[in-house]
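Every chain is numbered from 1 and lettered A, B, ... according to where its sequence line falls, protein lines coming before strand lines.
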Amino acid sequence: MAIRKKPEMINQQVGWCGGCGHGIVQRLIAECCEELGLVEKTVQVVDIACAYWSIDTLNCDGIAGPHGRCAAVATGIKKVRPEANVYVHAGDGCSYVIGLAETCYTAMRDIPITMIVVNNGTFGMTGGQMNPATTLLGDKTVSSVKGRDEKAAGKPFDMLKILETFDIEYAARGALYDTKHINQTKKMLKKGFENQRDGKGFSIIEILSPCPTNWKMSPVDSMIKLEKENELIFPVRVYKDRGGEK
Amino acid sequence: MAIRKKPEMINQQVGWCGGCGHGIVQRLIAECCEELGLVEKTVQVVDIACAYWSIDTLNCDGIAGPHGRCAAVATGIKKVRPEANVYVHAGDGCSYVIGLAETCYTAMRDIPITMIVVNNGTFGMTGGQMNPATTLLGDKTVSSVKGRDEKAAGKPFDMLKILETFDIEYAARGALYDTKHINQTKKMLKKGFENQRDGKGFSIIEILSPCPTNWKMSPVDSMIKLEKENELIFPVRVYKDRGGEK
Amino acid sequence: MNNDYSLMKGNEAIAEGALRAGCRFYAGYPITPQSEILEYMSTHMEERGGVFIQGESEIASMSMIWGAAACGERVMSSSSGPGYDLKQEGISYLASYNLPAVLADVMRYGLGDGEITEGQDSYWEATKGGGHGDSRQIVLTPSSVQECADLTYLAFELADKYNTVAIILSDGAISQMIEKCYLPDAIEHDKDKYDWAITGYKEKDATKVKVTNMDRTIGHEAWNELMRNKFKTIYDNEQRWEEFMVEDAELVLVAYGISARVCKSAVRSARAQGVKLGLIRPITVWPYPDQAFQNMPESVKALVTVEMSISSQMAPDIQMASKFSKPLYGYLSTLYVPKTEELVAYCKSVLAGNENALEVY
Amino acid sequence: MNNDYSLMKGNEAIAEGALRAGCRFYAGYPITPQSEILEYMSTHMEERGGVFIQGESEIASMSMIWGAAACGERVMSSSSGPGYDLKQEGISYLASYNLPAVLADVMRYGLGDGEITEGQDSYWEATKGGGHGDSRQIVLTPSSVQECADLTYLAFELADKYNTVAIILSDGAISQMIEKCYLPDAIEHDKDKYDWAITGYKEKDATKVKVTNMDRTIGHEAWNELMRNKFKTIYDNEQRWEEFMVEDAELVLVAYGISARVCKSAVRSARAQGVKLGLIRPITVWPYPDQAFQNMPESVKALVTVEMSISSQMAPDIQMASKFSKPLYGYLSTLYVPKTEELVAYCKSVLAGNENALEVY
Amino acid sequence: MADIIMAGTGGQGVLTAGKILIDIAAADDKNVSWTSFYSAEMRGGTAACCVVVSEDEIGTPYPDKFDILFAMTEDAYNKYIGDMRDGGKVIVNQSLFSTCEFPKNVEVYGVEASGIANEMGNSRGANLALLGAMIKGTGMMDKKKFGETLDRYFSKKGKASAKNLDCYNKGYEQALKI
Amino acid sequence: MADIIMAGTGGQGVLTAGKILIDIAAADDKNVSWTSFYSAEMRGGTAACCVVVSEDEIGTPYPDKFDILFAMTEDAYNKYIGDMRDGGKVIVNQSLFSTCEFPKNVEVYGVEASGIANEMGNSRGANLALLGAMIKGTGMMDKKKFGETLDRYFSKKGKASAKNLDCYNKGYEQALKI
Amino acid sequence: MAIAKADINLCKGCRLCVGACPVDAIEPLHEVNKKGYEIIRIDENKCIGCGMCYVMCPDYVFTVE
Amino acid sequence: MAIAKADINLCKGCRLCVGACPVDAIEPLHEVNKKGYEIIRIDENKCIGCGMCYVMCPDYVFTVE
Ligand SMILES: Cc1ncc(C[n+]2csc(CCOP(=O)(O)OP(=O)(O)O)c2C)c(N)n1
Ligand SMILES: Cc1ncc(C[n+]2csc(CCOP(=O)(O)OP(=O)(O)O)c2C)c(N)n1
Ligand code: SF4
Ligand code: SF4
Ligand code: SF4
Ligand code: SF4
Ligand code: SF4
Ligand code: SF4
Ligand SMILES: [Mg+2]
Ligand SMILES: [Mg+2]
């Protein structure tokens with residue numbers, strides 16, 4: 001059995017709530033960068049949202065993007081520093097709501113970065129409001145106290161279906177609700193980093209992740225909800241793998 | 001043969017360049033509204049772009065949306081005046097570039113308006129810059145003087161493919177390059193207005209249209225380009241017709 | 001006026017004040033420390049027969065309220081910091097169509113990406129901002145939960161009266177605190193009372209109703225005049241402020257919002273210590289209450305602006321109002337709510353001649 | 001300095017000035033009357049080894065230049081009117097990370113949706129804007145094509161020197177006109193010269209290089225101090241202006257950009273008619289050239305601000321600079337380039353006591 | 001009348017205790033203000049709120065010094081004990097408290113608040129027990145009246161439960177000056 | 001030295017004529033400015049530019065009054081004739097001109113500019129013919145030197161053609177005072 | 001039979017109608033209208049009143065009655 | 001054999017590891033750490049060193065060696 005130990009790239013305790021998936025995501029990222037020997041070249045772009053805490057804990061160059069504009073910030077960085085391993089770690093509010101256009105146009109330009117989106121079905125950092133892209137119908141949030149109602153607030157949509165219409169390298173969705181899916185998610189992330197290393201195009205990996213604090217559920221129950229409810233609407237799978245051919 | 005005459009809803013000469021498709025689009029809209037008896041209830045939302053001139057020429061309530069935000073403005077109007085026949089007449093820059101998110105979220109909310117997007121492959125009003133959503137590869141514009149290059153500027157994408165992933169009422173693309181297609185486009189528009197009248201959801205009709213001024217081509221050649229080049233990338237067809245079932 | 005108080009946060013008082021003023025359309029996007037306004041609206045707007053939309057961004061939200069305002073509805077949005085920046089374009093558009101609307105800007109600490117601590121960082125943006133063009137907005141600054149409700153209510157009245165955007169410039173401290181609040185009586189707004197509003201039906205008469213860029217409708221000259229007259233009328237008639245023990249003061253503090261609350265305590269405490277402080281509390285910061293500074297008592301030796309900012313954003317307005325008649329000092333506490341006794345000590349030091357006057361630029 | 005002139009538009013001079021200053025990253029979105037900057041960059045950036053991106057919006061463009069600036073590159077964006085509004089948030093972010101960047105804001109006529117005529121509508125937004133927070137930007141105002149090139153070049157130097165955003169505040173008239181321009185010599189910028197820049201490689205040393213919100217890195221107290229010192233240093237050292245026949249003037253015009261050009265003609269014409277006009281032309285409007293107003297000759301009876309705006313946006317700055325030592329009048333021509341003789345006639349009328357002083361609010 | 005600082009760790013109900021306090025004081029015709037220190041981290045760390053109760057108009061809702069310190073943990077006590085006015089009252093949750101050297105200028109009251117709560121099977125009731133101790137120690141309000149309004153507070157929120165009042169009462173009864 | 005207004009309808013090459021003029025005047029060591037009135041409508045309507053040529057620093061590039069009016073159409077003439085300085089020169093394209101009553105304070109020169117252009121098979125050359133007439137009428141520059149620089153101007157743009165110089169020369173030769 | 005009429009003042013000279021007419025009844029002219037655009041003329045003898053010109057013209061020049 | 005170790009100071013009491021362990025080697029405790037979170041304990045006798053706890057824990061509590 002190989003030794004399992006917190007990656008060295010992570011240099012202090014994480015600032016997330018207990019049971020939050022962001023911490024797992026950060027670890028998977030760090031593991032990938034270490035295993036691929038990319039640590040020294042890595043630049044992280046985090047959202048002004050719960051992903052932000054990663055700027056304090058990960059030992060690499062980094063910058064926080066204005067809320068929603070991470071993909072555009074990363075574009076600027078990748079164009080000036082094409083040798084760098086540039087990735088985005090952002091929320092589903094950032095990437096799919098206010099930043100929908102930035103995400104799509106980064107795909108349109110096929111910018112060779114690795115974009116990681118944490119789908120926790122809510123605006124975590126601001127206190128758990130409905131996320132118009134990802135909150136399930138009926139889910140109660142502080143801005144949909146009776147549960148999300150389709151008539152008033154529309155219904156969640158699958159952003160990866162949108163992104164697969166672009167000519168991009170890779171799009172996939174993983175999940176964190178059990179170790180099997182965490183391991184699978186890591187493979188997706190690794191693919192995303194490898195694609196970048198190999199000069200292929202835009203890769204995006206979305207990750208179903210719990211926000212126990214704002215869901216007002218225990219971490220364990222949150223994982224159950226992820227599997228039993230969220231995954232039904234947001235299937236875990238590879239949506240697109242261009243295989244480097246263009 | 002029925003009498004063909006400029007619709008009464010149009011009250012003065014159009015402000016567009018000679019050979020511009022916006023004038024045809026405006027006439028089709030007016031014909032639809034008149035034939036469906038909707039004139040008195042109609043509210044137009046035009047873009048700050050070439051569609052803007054319609055605010056001067058069409059005899060109905062109207063407002064110009066901030067460039068790119070027409071769909072959001074129309075949402076505000078439709079929510080406050082649900083009885084009104086609210087439509088958007090906007091450009092492909094407005095609707096697909098700066099306003100990509102607004103267009104998608106209006107679809108997400110399935111707001112029962114009729115959105116009409118003039119795809120002329122350029123930013124007409126500002127002098128013909130490349131439109132990142134619709135300018136074809138190789139097309140020369142003032143901001144891509146050597147022709148649009150995929151590596152630097154990505155490539156055009158089909159927004160209707162994106163919109164059909166949403167649960168909306170209707171999405172279709174028409175074209176103006178000959179009378180047959182103009183008549184077909186009118187049917188699409190009429191469907192869009194009928195859907196709204198019947199309380200169905202969001203309808204969007206995109207229209208392939210020439211911009212001879214900025215393409216630096218004669219109007220006749222522009223129509224040929226539309227048919228021979230643009231339609232290859234942007235096929236004329238109905239993408240989605242929910243048929244009122246949800 | 002209701003005789004029964006409620007205990008509520010400043011943010012909730014803003015939202016409930018708006019609903020009672022007849023606001024029936026709200027669109028916004030979450031951001032700390034104003035999200036409770038949005039949340040309150042999401043919970044209560046529908047039961048009052050209105051429309052709530054959580055927009056996909058601040059810009060989309062502004063565009064939605066623009067459409068709704070053009071229909072004659074009483075509309076509101078709210079934001080803070082970076083989110084408020086994104087509303088600048090929409091403010092300009094509202095101004096250029098002469099449309100009434102109310103916005104709340106709940107300030108935080110300045111210069112920062114994700115800074116959400118208390119602060120008063122957006123005085124300039126609120127009073128001199130409003131996007132491109134010559135637009136000006138009425139800006140009201142609550143310094144209690146009661147005023148959050150009252151000034152929001154007033155904001156709708158003023159917006160309607162002058163066809164203008166009115167801004168509630170609150171701050172994280174005032175908006176997050178809970179106090180007693182006597183809520184104003186609810187009124188209903190008639191969105192059909194205007195002759196300019198978009199209706200989409202023409203029963204009233206056959207003429208075209210059209211809301212468009214005013215300068216196109218009435219011509220540039222008339223439009224420029226209309227704007228100038230509007231600004232001047234507002235300036236002449238809508239200056240609001242509170243004076244506290246200014247009559248015999250040696251030093252007059254000038255502060256709004258949370259800072260003014262501390263100043264009041266400081267005035268009381270200093271006077272107990274034999275130091276005559278006074279306070280001018282602007283309630284409107286545009287129009288700035290120039291009148292308050294017109295006949296300053298002889299006793300006043302200097303003015304002190306007290307703000308939670310890095311640069312003194314209010315200082316130029318104070319100097320314009322006071323015409324440099326008194327020296328101006330600054331107590332700028334950035335992200336920290338000023339401390340009462342520290343402020344008193346500073347004032348003593350000013351009076352003792354130990355402090356440098358503020359450099360304003 | 002090149003000995004050969006070019007005939008070019010102001011916009012082109014801005015773009016070429018930037019390229020010669022070593023700008024190697026431009027992202028922007030079209031809008032009249034600044035689109036030629038973008039177009040020039042799209043045509044020439046690549047041949048200089050730089051990156052041009054036509055962004056999907058002003059906001060995306062700002063975010064891209066933010067990323068690029070954080071990498072140590074010399075970056076630029078440009079916009080106008082409503083598009084410039086949307087850059088406010090990004091300006092704040094640049095300021096909060098202490099990153100150098102240059103922006104051009106080509107003004108148009110105020111209050112309007114699609115207005116694209118000449119104007120000077122965004123003085124406030126440029127000088128008092130910059131989004132939320134206490135950020136301040138250096139603002140340079142070219143009044144010739146030559147200055148479009150020179151001040152853009154300077155803007156990059158100042159941005160670099162002070163780690164700040166520098167703004168070229170041009171206007172539709174100056175940016176669309178063609179004049180002779182002697183272009184500055186081209187320099188190359190070394191993006192690797194900074195110790196704070198993102199590189200994504202660590203050969204130099206093992207320590208972590210990280211660009212993040214400065215207040216997190218060095219703490220709030222230090223950050224506030226750093227900001228205050230920066231603003232003060234800029235204020236003390238970077239005031240720029242031109243004086244023209246002020247020594248013996250009876251009336252001094254104050255104007256920038258296109259208006260200043262007309263004023264120069266007016267001064268000459270008036271003097272030919274025996275009326276002693278002078279001109280103070282601010283070149284920086286932040287920092288405002290307060291020094292220019294410090295020792296005004298006795299002969300000066302009044303000041304006249306000449307602006308293409310509805311409200312006098314520069315008037316408060318003039319009054320702050322002149323400390324109300326002279327009465328202030330205003331010639332505000334909105335969307336019309338001022339007429340030389342009309343302006344002279346107005347000045348005569350002021351001197352004859354037939355005009356009202358400007359009300360400033 | 002009183003500047004009160006209430007502190008503990010997240011999840012202990014400190015902010016709620018403050019809200020209960022102002023609710024009751026307001027009903028008693030006092031002016032009240034409640035402020036908290038919100039932070040970007042959603043959970044954990046210290047939680048604190050500051051309550052001002054006054055007969056007169058309240059100036060700053062952020063007093064420099066306090067008359068009462070309501071400390072749910074030792075950390076909270078350590079953080080604020082230096083900001084007490086002379087003669088101030090300090091109420092500590094002895095269940096999470098070790099030290100015992102108190103400054104001379106304050107009176108200290110203690111109760112096993114967490115212990116009481118667990119005992120009553122109302123694990124979230126420690127804050128109410130400490131409120132009881134506070135009412136006893138400060139005498140700022142009538143015990144019974146406070147208890148009744150407390151009951152009404154929870155009824156209003158739809159969370160009425162006899163256990164709440166029990167915690168409060170036990171806290172009152174068991175509170176001791178130390 | 002001269003404030004010049006050049007006007008016509010869109011597509012007639014008025015703006016280009018202005019650019020040619022400043023190009024040549026600049027090469028002649030003059031200071032020059034060129035301004036146009038841009039509008040939101042892309043095509044049609046009047047097009048006009050204003051050229052200032054001066055030995056000295058140029059103040060306003062938007063003069064109130066003009067020394068030279070270069071009118072490609074009668075509309076353009078009507079629009080600007082009221083803004084002429086006494087002694088000013090007016091150059092009109094007689095091909096698109098009917099009236100003949102000119103004000104006393106100006107000197108008028110005419111040429112069939114469009115006619116010449118069509119004749120030369122250079123339909124876009126009417127502006128050059130009128131430029132020729134203008135050089136003759138105003139004597140503001142040496143005929144030959146202007147012609148040479150004109151040639152160079154088109155070469156620089158990669159649009160060299162003998163027809164251009166021909167139009168200019170014909171315009172110069174056929175221009176008549178009226 | 002219905003037949004097309006043209007209000008040539010509205011014409012902008014785009015020539016799109018010319019190709020749209022199934023019977024070549026529309027003749028492009030070099031003559032310009034007040035706004036300076038080259039106009040067209042309908043050959044009334046050829047016109048069959050099909051309305052295609054109306055459908056195509058972006059400037060509402062045609063009436064068919 | 002490799003076996004898991006826990007740095008309980010880092011634990012935030014989420015209990016996710018408990019269910020992730022295939023052999024029920026992780027016991028949730030009521031005991032709290034310095035930060036006030038209820039911690040866990042690994043039963044060294046049961047642990048098979050599979051590393052699932054490491055994979056699941058969001059707070060990097062586990063080292064398997
Ligand atoms: C322009 C702007 N609008 C709003 C915000 C406030 N804001 C910060 S984080 C956030 C939501 C974050 O949600 P998400 O992206 O899903 O990330 P999470 O915290 O859930 O991981 C919002 C709305 C902001 N910082 N800037
Ligand atoms: C915020 C903002 N950015 C940019 C502009 C400038 N602008 C006006 S119209 C336009 C492009 C219009 O293109 P499109 O939407 O395709 O319409 P078209 O004119 O081609 O019909 C642009 C960029 C603006 N008015 N506002
Ligand atoms: S709020 Fe939600 S997303 Fe944010 S750190 Fe806490 S659990 Fe994670
Ligand atoms: S610029 Fe293009 S889109 Fe605009 S009116 Fe002219 S032809 Fe039509
Ligand atoms: S289509 Fe209409 S505008 Fe075009 S040439 Fe024919 S009549 Fe004229
Ligand atoms: S009606 Fe038909 S036949 Fe007659 S001119 Fe028009 S297109 Fe030709
Ligand atoms: S998963 Fe980690 S943080 Fe959660 S209970 Fe287990 S050890 Fe503690
Ligand atoms: S290593 Fe495997 S067996 Fe051991 S505690 Fe962790 S999960 Fe259980
Ligand atoms: Mg989220
Ligand atoms: Mg377009």
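- The two residues Pro30(D) and Phe123(B) make their nearest non-hydrogen contact at CG-CD2, 3.4 Å.
- For Ile59(D), no part lies near chain B; criterion is any non-hydrogen pair under 4.5 Å.
- Only the side chain of Val145(B) comes within contact range of chain D, with at least one heavy atom under 4.5 Å from a heavy atom of that chain.
- Of the two parts of Ser144(B), only the backbone, made up of N, CA, C and O, holds a non-hydrogen atom closer than 4.5 Å to a non-hydrogen atom of chain D.
- For chain B, no part of Tyr40(D) is nearby; none of its heavy atoms comes within less than 4.5 Å.
- Counting non-hydrogen atoms of other residues, nucleotides and ligands closer than 6.0 Å to NZ of Lys225(B) gives a total above 12.
- Rounding to the nearest 0.5 Å places CD of Glu58(D) at 4.5 Å from CD1 of Ile98(B).
- Interface remark: Ile31(D) contributes backbone atoms only to the contact with chain B (heavy atom separation under 4.5 Å).
- The number of heavy-atom neighbours closer than 6.0 Å to CD of Glu229(B), taken from other residues, nucleotides and ligands shown, is above 12.
- Near-neighbour residues of residues 72-81 of chain D relative to chain B, defined by a heavy atom under 4.5 Å from a heavy atom of that chain, are none.
- For the atom pair NZ (Lys146(B)) and OG (Ser42(D)), the distance works out to 10.0 Å, reported to the nearest 0.5 Å.
- With 3.5 Å as the limit, one finds no donor-acceptor pair spanning the side chains of Gln129(B) and Gln54(D).
- From Glu36(D), atom CD reaches atom OG of Ser143(B) across 12.0 Å, with rounding to the nearest 0.5 Å.
- Dense packing is recorded around NZ of Lys240(B), with more than 12 heavy atoms of other residues, nucleotides or ligands lying under 6.0 Å away.
- Between Glu56(D) and Val97(B), the shortest heavy-atom contact is O-CG1, 3.4 Å.
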